A.B. asks: 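Sharing a structure with you now.
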Amino acid sequence: MKKILTLLMMSVMAISISACGQKAETPGTETPGTETPVETPASGTEGEEKEERTLKVAGLDGGYGTEHWKAVAEKFEDNNPGVTVELTLEKNIEDVLRPQIQAMNVPDIMYVSVGREGMMTETLIKEKAVMDITDLLSMEVPGESVTVGEKIIPGFTDTLITNPYGDGKTYLAPLFYGPTGLFYNKTLFKDGGAYKLPGTFDELFALNDSAKANGSALFTYPTTGYFDAFFYALINEVGGAEVFNKAMTFDAETWKSPEMTKVFELVGELVKHNHVDTVAQANNEGFTKNQQLVLDNKALFIPNGTWLPGEMEKAPRAEGFEWGFSALPAVEDGGDRYSYTFFEQMYIPAGAKEADLAKEFMAYMYSDEAAKIIYEKSGAVMPVTTSSSFMPDNDPNKLYYSVYDDGAKAAMGGFQSAPAVEGVDLVSGTGILFGTINSVATGDKTVAQWQADVVEAVEKISAAIGN
């Protein structure tokens, strides 16, 4: 699952979508472009005429399927007499939409996230063919006394994905998300257990001696590619969103800054406490062996995403093992803690005929009513502050999606699109930024050398962009 995300990030040097942790895709049953619109139920006073409007929504039939879209559309129609929602949901959605867009027959809402092979959304952004939806954030969520901006988890509308032009305006609205963080054996950290869950990096490092005394290592990682989410969350903890966004736009001075030096040093210190087998197994063939180390209580922490428990569902484990999950520890006492999340997006293309109605539908998507329908029909989770409340206490997803309920902040976004530079591989799992971590762990490279190599690569990419 992780390899899919890594390939997407390599292809567009931008944030990959949260395809990991989703259900397996189910074959579509509709003929492309011919899905029957959901019929509007009869409502209203007899003889009362309602304005007939049609909202066209087009998007991907992906890992979450389409049933949640159909159910939400039907409920929106119930709530808005006279409105028909026409859905076009296809696995090859770019092929379906491309001729329509060229003919200026655009849908009112598009659900096509950045990072897909066809790069349709990136192209529309580049051509300034996506509408400004900043005012959506100040709209009231239908049936609730909060605005959309208040309902969305903080951080989700302050990224280079949602605000691609750097003008402080929002163009893409966040959709289904999947948090990442540190996984561990919760049993070991319960009251009376062997350890206390660390709240800061100093407390994390202090666990190393007691872990060694118990025959365990402090840390392991599947492959270096899994450090993307960890590294991005850590930048936010050390320098905040401003430093993160500058770093993601290939600002070389930012990568030389004291804040970034601190990030490199913390990662360097952490991998000194790896399990002895981590580096040898940190590859596409051995990564599950590193994940198994946590299940066997041979390593305390591992960075990963919500797909991990499912990926290791049939693996053996220590007696009493129970998955635990947390955001990164704070850099200092009282500091912010971050959990990086992958997320998908929806937007209104330029030329949409029902832009105002589209915003009403988007606002409804963030309601508890719609978010609950979406989760129950697909398992997809909307980035709203109440998302974990829809999950039963015995639902394993509650553990991951309540991470922001506990005070953690959401980090998201990635490098802006950039032209390929010959001989420079910055962000792949084996590239300069993350791939070098193996060499730092073994002592073949120092943290200072690692940072210098990254700065050199960033400078070359920055020059190619024309910064």
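All values below were derived from every heavy atom in this structure, side-chain atoms included, with hydrogens, water molecules and symmetry-related copies excluded. Note that the structure is predicted; figures quoted are calculated from it, not measured.
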A.B. asks: For the residue pair Trp323 and Phe183, categorise the inter-ring angle as parallel (less than 30°), tilted (30 to 60°) or perpendicular (more than 60°).
C.D. replies: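 Perpendicular: the ring planes of Trp323 and Phe183 meet at over 60°.
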
A.B. asks: Test Met362 against Met139 for side chain to side chain contact (heavy atoms under 4.5 Å, CB included), laying out the working first.
C.D. replies: CA-CA 10 Å; Met362 286 180 163; Met139 291 175 60; over 6 Å; no

A.B. asks: Classify the ring geometry of Tyr400 against Phe325: parallel below 30°, tilted from 30° to 60°, perpendicular beyond 60°.
C.D. replies: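 Ring orientation, 0 to 90° scale: perpendicular.
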
A.B. asks: Could you grab the distance from atom CG of Asp336 to atom NZ of Lys409, nearest 0.5 Å is fine?
C.D. replies: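 Answer rounded to 0.5 Å: 3.5 Å.
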
A.B. asks: Output yes when a side-chain donor or acceptor of Tyr401 lies under 3.5 Å from a complementary backbone atom of Tyr177, and no otherwise.
C.D. replies: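 At least one qualifying donor-acceptor pair exists.
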
A.B. asks: Are Val454 and Leu426 close enough that some pair of their side-chain heavy atoms sits under 4.5 Å apart?
C.D. replies: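 They are in contact (side-chain heavy atoms under 4.5 Å apart), so the answer is yes.
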
A.B. asks: With sequence neighbours excluded, what pairs up with Thr288 under the side-chain contact (heavy atoms from CB on, under 4.5 Å) test?
C.D. replies: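 Only Gln291, Met312 meet the side-chain contact (heavy atoms from CB on, under 4.5 Å) criterion with Thr288.
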
A.B. asks: Taking the side chain as every heavy atom from C-beta outward, state whether Val267 and Phe230 have any atom pair closer than 4.5 Å.
C.D. replies: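 Yes. Closest side-chain heavy atoms under 4.5 Å.
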
A.B. asks: Kindly say whether Asp251 contributes a backbone atom to a donor-acceptor pair with the side chain of Ser462 at under 3.5 angstrom?
C.D. replies: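 No: the side chain of Ser462 does not pair with the backbone of Asp251.
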
A.B. asks: Would you say that Lys151 contacts Val148 through its side chain, given a criterion of any heavy-atom pair below 4.5 Å between the two side chains?
C.D. replies: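 The answer is no, as the side chains (C-beta and beyond) never meet within the 4.5 Å cut-off.
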
A.B. asks: Ignoring hydrogens, what is the shortest heavy-atom contact between Ala350 and Val106? Give both atom names and the distance.
C.D. replies: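 Taking every non-hydrogen atom into account, O-CG2, 3.7 Å.
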
A.B. asks: Could you grab the distance from atom OG of Ser326 to atom CG of Asp406, nearest 0.5 Å is fine?
C.D. replies: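 That separation rounds to 10.0 Å.
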
A.B. asks: Can you tell me if CD on Glu242 sees more than 12 non-hydrogen neighbours from other groups inside 6.0 Å?
C.D. replies: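 Open.
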
A.B. asks: Do the side chains of Lys445 and Asp453 get close enough for a salt bridge, i.e. N-O under 4.0 angstrom?
C.D. replies: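 A salt bridge links Lys445 with Asp453.
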
A.B. asks: Does Glu253 pair with Lys256 as a salt bridge, N-O distance under 4.0 Å?
C.D. replies: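 Salt bridge: yes.
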
A.B. asks: Looking at Phe205, does the NZ or CZ of Lys272 lie under 6.0 angstrom from its six-membered ring centre and within 45 degrees of the ring axis?
C.D. replies: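 No, a cation-pi geometry is absent between Lys272 and Phe205.
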
A.B. asks: For Lys353 and Asn105, work out which heavy atoms get closest and say how close.
C.D. replies: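 For Lys353 and Asn105, the tightest heavy-atom pair comes out as NZ-OD1, 4.4 Å.
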
A.B. asks: Ala327: what forms a side-chain contact (heavy atoms from CB on, under 4.5 Å) with it, not counting sequence neighbours?
C.D. replies: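 Checked Ala327 against side-chain contact (heavy atoms from CB on, under 4.5 Å); matches are Arg337, Ser339, Val403, Ala408.
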
A.B. asks: Aromatic contact between Tyr195 and Tyr184, with the criterion being ring centroids under 6.0 Å apart: yes or no?
C.D. replies: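 Centroid distance Tyr195-Tyr184: not below 6.0 Å, so no.
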
A.B. asks: Is there a donor-acceptor contact under 3.5 Å from the side chain of Glu354 to the main chain of Ala352?
C.D. replies: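 Answer holds: no.
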
A.B. asks: Evaluate whether atom NZ of Lys289 has more than 12 neighbouring non-hydrogen atoms of other residues, nucleotides or ligands under 6.0 angstrom away.
C.D. replies: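 For Lys289, atom NZ is not crowded (no more than 12 foreign heavy atoms under 6.0 Å).
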
A.B. asks: For Ser138 and Asp135, which heavy atoms make the closest approach, and how far apart are they?
C.D. replies: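 Minimum heavy-atom separation between Ser138 and Asp135: OG-O, 2.9 Å.
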
A.B. asks: Looking only at heavy atoms, which two atoms of Lys359 and Asp132 are closest? And how far apart?
C.D. replies: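 Closest pair (atom of Lys359, atom of Asp132, distance): NZ-O, 4.1 Å.
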
A.B. asks: Spell out, as yes or no, whether a donor-acceptor pair under 3.5 Å connects the side chain of Thr446 to the backbone of Gln449.
C.D. replies: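 Yes, the answer is positive, given that a donor and an acceptor are paired below the 3.5 Å cut-off.
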
A.B. asks: Does some side-chain heavy atom of Pro174 sit less than 4.5 Å from a side-chain heavy atom of Thr157?
C.D. replies: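 Yes; the side chains approach each other to less than 4.5 Å.
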
A.B. asks: Please examine the side chains of Thr121 and Leu124, heavy atoms only from C-beta on, and report whether any two atoms are closer than 4.5 Å.
C.D. replies: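 No; the side chains remain at least 4.5 Å from each other.
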
A.B. asks: Name the one of Glu94, Glu344, Glu122 that satisfies salt bridge (charged side-chain N to carboxylate O under 4.0 Å, His left out) with Arg116?
C.D. replies: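 Testing Arg116 for a salt bridge (charged side-chain N to carboxylate O under 4.0 Å, His left out) against Glu94, Glu344, Glu122 leaves exactly one candidate, Glu94.
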
A.B. asks: Less than 4.5 Å apart, any side-chain heavy atom of Val72 and any of Phe361?
C.D. replies: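 Result yes, sub-4.5 Å side-chain heavy-atom pair found.
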
A.B. asks: Using side-chain heavy atoms (C-beta onward) and a distance below 4.5 Å, is Ile374 in contact with Phe176?
C.D. replies: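 Counting from C-beta outward, Ile374 and Phe176 do come under 4.5 Å.
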
A.B. asks: Answer yes or no: is there a donor N or O on one side and an acceptor on the other, between the side chain of Ser367 and the main chain of Ala363, under 3.5 Å?
C.D. replies: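 No, Ser367 side chain to Ala363 backbone: no donor-acceptor pair under 3.5 Å.
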
A.B. asks: Describe, in one word, how the ring planes of Phe301 and Phe189 are oriented to each other, choosing from parallel (under 30°), tilted (30 to 60°) and perpendicular (over 60°).
C.D. replies: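 The rings of Phe301 and Phe189 sit tilted, inter-plane angle from 30° to 60°.
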
A.B. asks: What class does the angle between the rings of Phe227 and Tyr221 fall in, given that below 30° is parallel, 30 to 60° is tilted and above 60° is perpendicular?
C.D. replies: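 Rings of Phe227 and Tyr221: perpendicular, over 60°.
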
A.B. asks: Do Phe231 and Phe244 have ring centres separated by under 6.0 Å?
C.D. replies: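 No, the ring centres sit 6.0 Å or more apart.
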
A.B. asks: Around Lys56, counting heavy atoms of other residues, nucleotides and ligands shown, do more than 12 lie under 6.0 Å from its NZ?
C.D. replies: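 No, NZ of Lys56 has 12 or fewer neighbouring heavy atoms, counting only those of other groups under 6.0 Å.
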
A.B. asks: Under a 3.5 Å distance rule, please check whether Glu237 uses its side chain to pair with a backbone N or O of Tyr338 as donor and acceptor.
C.D. replies: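 Here the side-chain-to-backbone pair exists.
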
A.B. asks: Is the count of non-hydrogen atoms from other residues, nucleotides or ligands lying under 6.0 Å from Asp333 atom CG greater than 12?
C.D. replies: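 It does not: Asp333 CG has 12 such atoms or fewer within range.
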
A.B. asks: Listed by chain and number, what are the salt bridge (Lys or Arg N to Asp or Glu O under 4.0 Å) partners of Glu259, not counting sequence neighbours?
C.D. replies: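 So Glu259 forms no salt bridge (Lys or Arg N to Asp or Glu O under 4.0 Å) with any residue.
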
A.B. asks: Counting the benzene-type ring for Trp, do Tyr232 and Tyr340 have ring centres under 6.0 Å apart?
C.D. replies: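 Yes, they do, as the ring centres are separated by less than 6.0 Å.
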
A.B. asks: Classify the angle between the aromatic ring planes of Trp69 and Tyr111 as parallel (below 30°), tilted (30 to 60°) or perpendicular (above 60°).
C.D. replies: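 The arrangement is tilted - the two ring planes meet at 30° to 60°.
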
A.B. asks: So does Thr254 get a backbone contact from the side chain of Ser257, meaning a donor-acceptor N/O pair under 3.5 Å?
C.D. replies: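 Flag set: sc Ser257 to bb Thr254 pair under 3.5 Å.
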
A.B. asks: If we count only N and O atoms by modelled type, under 3.5 Å, do the side chains of Thr162 and Thr159 hold a donor and an acceptor together?
C.D. replies: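 Yes, side-chain donor-acceptor contact under 3.5 Å.
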
A.B. asks: For side chain to side chain contact (heavy atoms under 4.5 Å, CB included), just list the numbers for Thr88 and Leu97, CA-CA rounded to whole Å, side-chain angles, deciding distance to a tenth of an Å, and then say yes or no.
C.D. replies: CA-CA 9 Å; Thr88 301; Leu97 287 178; 5.6 Å; no

A.B. asks: Can any side-chain N or O of Glu203 pair as donor or acceptor with the backbone N or O of Gly199 at less than 3.5 Å?
C.D. replies: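 Between the backbone of Gly199 and the side chain of Glu203 there is a qualifying donor-acceptor contact (under 3.5 Å).
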
A.B. asks: Strictly by modelled atom types, are Thr278 and Thr220 linked by a side-chain donor-acceptor pair under 3.5 Å?
C.D. replies: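 A pair is found: one side chain offers a donor N or O, the other an acceptor, under 3.5 Å apart.
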
A.B. asks: Between Leu293 and Ile302, does the side chain to side chain contact (heavy atoms under 4.5 Å, CB included) criterion hold? Intermediate values first, please.
C.D. replies: CA-CA 9 Å; Leu293 293 173; Ile302 187 168; over 6 Å; no

A.B. asks: Nearest heavy-atom pair of Ala441 and Val279: which atoms, and what distance?
C.D. replies: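 That closest heavy-atom pairing would be CB-CG2, 3.9 Å.
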
A.B. asks: Output the distance between atom OH (Tyr366) and atom CG (Leu136), rounded to the nearest 0.5 Å.
C.D. replies: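 The CG atom of Leu136 is 6.5 Å from OH of Tyr366, to the nearest 0.5 Å.
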
A.B. asks: For Leu207 versus Pro198, what's the shortest heavy-atom pair and its separation?
C.D. replies: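 Looking at all heavy atoms of both residues, the closest pair is CD1-CD, 3.8 Å.
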
A.B. asks: Does the pair Val455 and Met260 meet the rule for a side chain to side chain contact (heavy atoms under 4.5 Å, CB included), with working shown?
C.D. replies: CA-CA 10 Å; Val455 169; Met260 291 304 299; over 6 Å; no

A.B. asks: Is it true that a side-chain atom of Ser387 and a backbone atom of Pro383 form a donor plus acceptor pair closer than 3.5 Å?
C.D. replies: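 Judged by distance alone, no pair lies under 3.5 Å.
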
A.B. asks: Would you check if the distance from the ring center of Tyr347 to the ring center of Tyr171 is below 6.0 Å?
C.D. replies: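 Not under 6.0 Å, so no.
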
A.B. asks: So, does Asn185 use its side chain to make a donor-acceptor pair with the main chain of Val294 at under 3.5 Å?
C.D. replies: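 No, the answer is negative, given that no donor and acceptor are paired below the 3.5 Å cut-off.
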
A.B. asks: Applying side-chain hydrogen bond (donor to acceptor under 3.5 Å, both in side chains) to Asp202 and Thr200, what does each step give before you reach the verdict?
C.D. replies: CA-CA 5 Å; Asp202 284 343; Thr200 66; 5.2 Å; no

A.B. asks: So do Val331 and Leu234 actually touch side chain to side chain, heavy atoms under 4.5 Å?
C.D. replies: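 Yes. Closest side-chain heavy atoms under 4.5 Å.
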
A.B. asks: Give the intermediate values and the outcome of salt bridge (charged side-chain N to carboxylate O under 4.0 Å, His left out) for residues Lys460 and Glu456.
C.D. replies: CA-CA 6 Å; Lys460 291 179 180 178; Glu456 182 181 0; 3.7 Å; yes

